[in-house]
Protein chains: 2
Amino acid sequence: MSIKKPDLLQGTLDLLVLKTLAQGPHHGYGIAQKILLSSRQIIDVQQGSLYPALHRLERKGLVKSEWRESDAGRMARVYSLTRTGHKHLASEIEQWSRYAAAINWVLEG
Amino acid sequence: MSIKKPDLLQGTLDLLVLKTLAQGPHHGYGIAQKILLSSRQIIDVQQGSLYPALHRLERKGLVKSEWRESDAGRMARVYSLTRTGHKHLASEIEQWSRYAAAINWVLEG
DNA sequence: CATGATATGTAGACAGTCAAGGTATAAGAG
DNA sequence: CTCTTATACCTTGACTGTCTACATATCATG
């Protein structure tokens, strides 16, 4: 993690994963890479955080998965957003925006 | 809490408390009120979150406290920032900014 | 054939927040 | 004079989520 406060990830990991999957199906490893890339190397999601998150999201019905062959010709579990997941993502984004705005108001004093 | 994802608080609570104390000493109850006010009613810090956080920050030497008489003529434990706390606040703000920017990059795709 | 990148996953530890409750004082309403 | 509301402190126990570290396996490169 390029950032020293891992706690900041808490509550935003689902958002990051859902947003990444909204741009198309990915396997776990690829999701982590994409987040790292699109966050400009700042957010490096650890595997021990990512896989439990994916399983949690799948239990909640926000993502679904299937085994497929990856680009490299290897088996990988590919995750994609469900319709519920899409709706949920919209609400997560809204909550994040509200919360980030609230923090900034406090910081402005 | 006016926001449905309590996890978002994690990692930002210390920041909120330190920032509030940077504007002058307060007792616990007053800190919660001030955060609620300056966040425009969005962030309502529960006492069960606040007091452990204050004790944690005091253990770390970022805040100090003493018993004083409050405005209402009652005894209250008044917290204030230490010099270390001030420095730490600056770094917390910087980390928050970086992290919030990173999230926004991911959301922009 | 060893190493590093790809790929999935689990186990155990740990931290932080939450809901709920406990204690107590002061002020104002009835 | 008693009830309620606001002020003010704090703890407990449950729960969730992330972390480090580990275990496993394939493929490509050197």
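Within every chain, numbering begins at 1; the chains are lettered A, B, ... in the order of the sequence lines, protein sequences first and strands thereafter.
Nearest approach of A:Thr84 to A:Gly61, heavy atoms of both residues: CB-O, 3.9 Å.
Annotation: of the two residues near DNA chain C, A:Gly48 and A:Met75, the 5′-most nearest-nucleotide partner is A:Met75. Comparing B:Leu13 and A:Gly30 by the nucleotide of DNA chain C whose heavy atom lies nearest to each, the residue mapping closer to the 5' end is A:Gly30.
Taking atom CG of A:Leu50 as the reference point, atom C1' of C:dT6 lies 14 Å away to the nearest angstrom. Here C:dA15 presents its P atom at 10 Å from NZ of B:Lys60, a figure rounded to the nearest Å. As rounded to whole Å, 13 Å separates atom P of C:dT8 from atom CZ of A:Arg68. Rounded to a whole Å, the CG atom of B:Leu36 is 11 Å from the P atom of D:dT7. In this structure, the CG atom of A:Leu16 is 14 Å from the C1' atom of D:dT18, given to the nearest Å. The CG-P distance, from A:Leu9 to C:dG16, rounds to 15 Å in whole Å. D:dG17 atom C1' lies 14 Å from atom CG of A:Leu54, rounded to whole Å. Computed from coordinates, the A:Glu69 CD to D:dT26 C1' distance equals 12 Å when rounded to whole Å.
Clustering of Ile, Leu, Val, Met, Phe, Trp and Tyr side chains at separations under 4.5 Å leaves B:Val78 isolated, with no partner residue. Other cluster members for B:Met75: B:Trp67, joined by side-chain heavy-atom distances under 4.5 Å among Ile, Leu, Val, Met, Phe, Trp and Tyr.
Note on A:Gln33: a side-chain N or O is less than 4.0 Å away from OP1 or OP2 of C:dT6. For the pair B:Arg56 and C:dT17, the criterion of a side-chain N or O lying under 4.0 Å from OP1 or OP2 is met. For C:dT17, the OP1/OP2 oxygens have no side-chain nitrogen or oxygen of A:Gln10 closer than 4.0 Å. For C:dG9, one of the phosphate oxygens OP1 or OP2 lies less than 4.0 angstrom from a side-chain nitrogen or oxygen of A:His55. One finds no side-chain N or O of B:Tyr51 lying less than 4.0 angstrom from the OP1 or OP2 phosphate oxygen of D:dC10.
Contact check on A:Glu66 versus A:Arg68 returns a salt bridge, with a Lys/Arg side-chain nitrogen under 4.0 Å from an Asp/Glu carboxylate oxygen.
Listed nucleotides: C:dT10, D:dC10, C:dT8. Nearest to the side chain of A:Gln47: C:dT8. Of the candidate nucleotides C:dC18, D:dT7, C:dA7, C:dA7 has the atom lying nearest to any side-chain atom of A:Arg74. Here C:dA19 is the nucleotide among C:dT17, C:dA19, C:dG9 with the atom lying nearest to any side-chain atom of B:Gln46.
Contact annotation: side chain of A:Arg77 to base of C:dT8, donor-acceptor pair absent below 3.5 Å.
Each of A:Leu57, A:Val17, A:Val63 was scored for a side chain to side chain contact (heavy atoms under 4.5 Å, CB included) with A:Leu81, with one residue passing: A:Val63.
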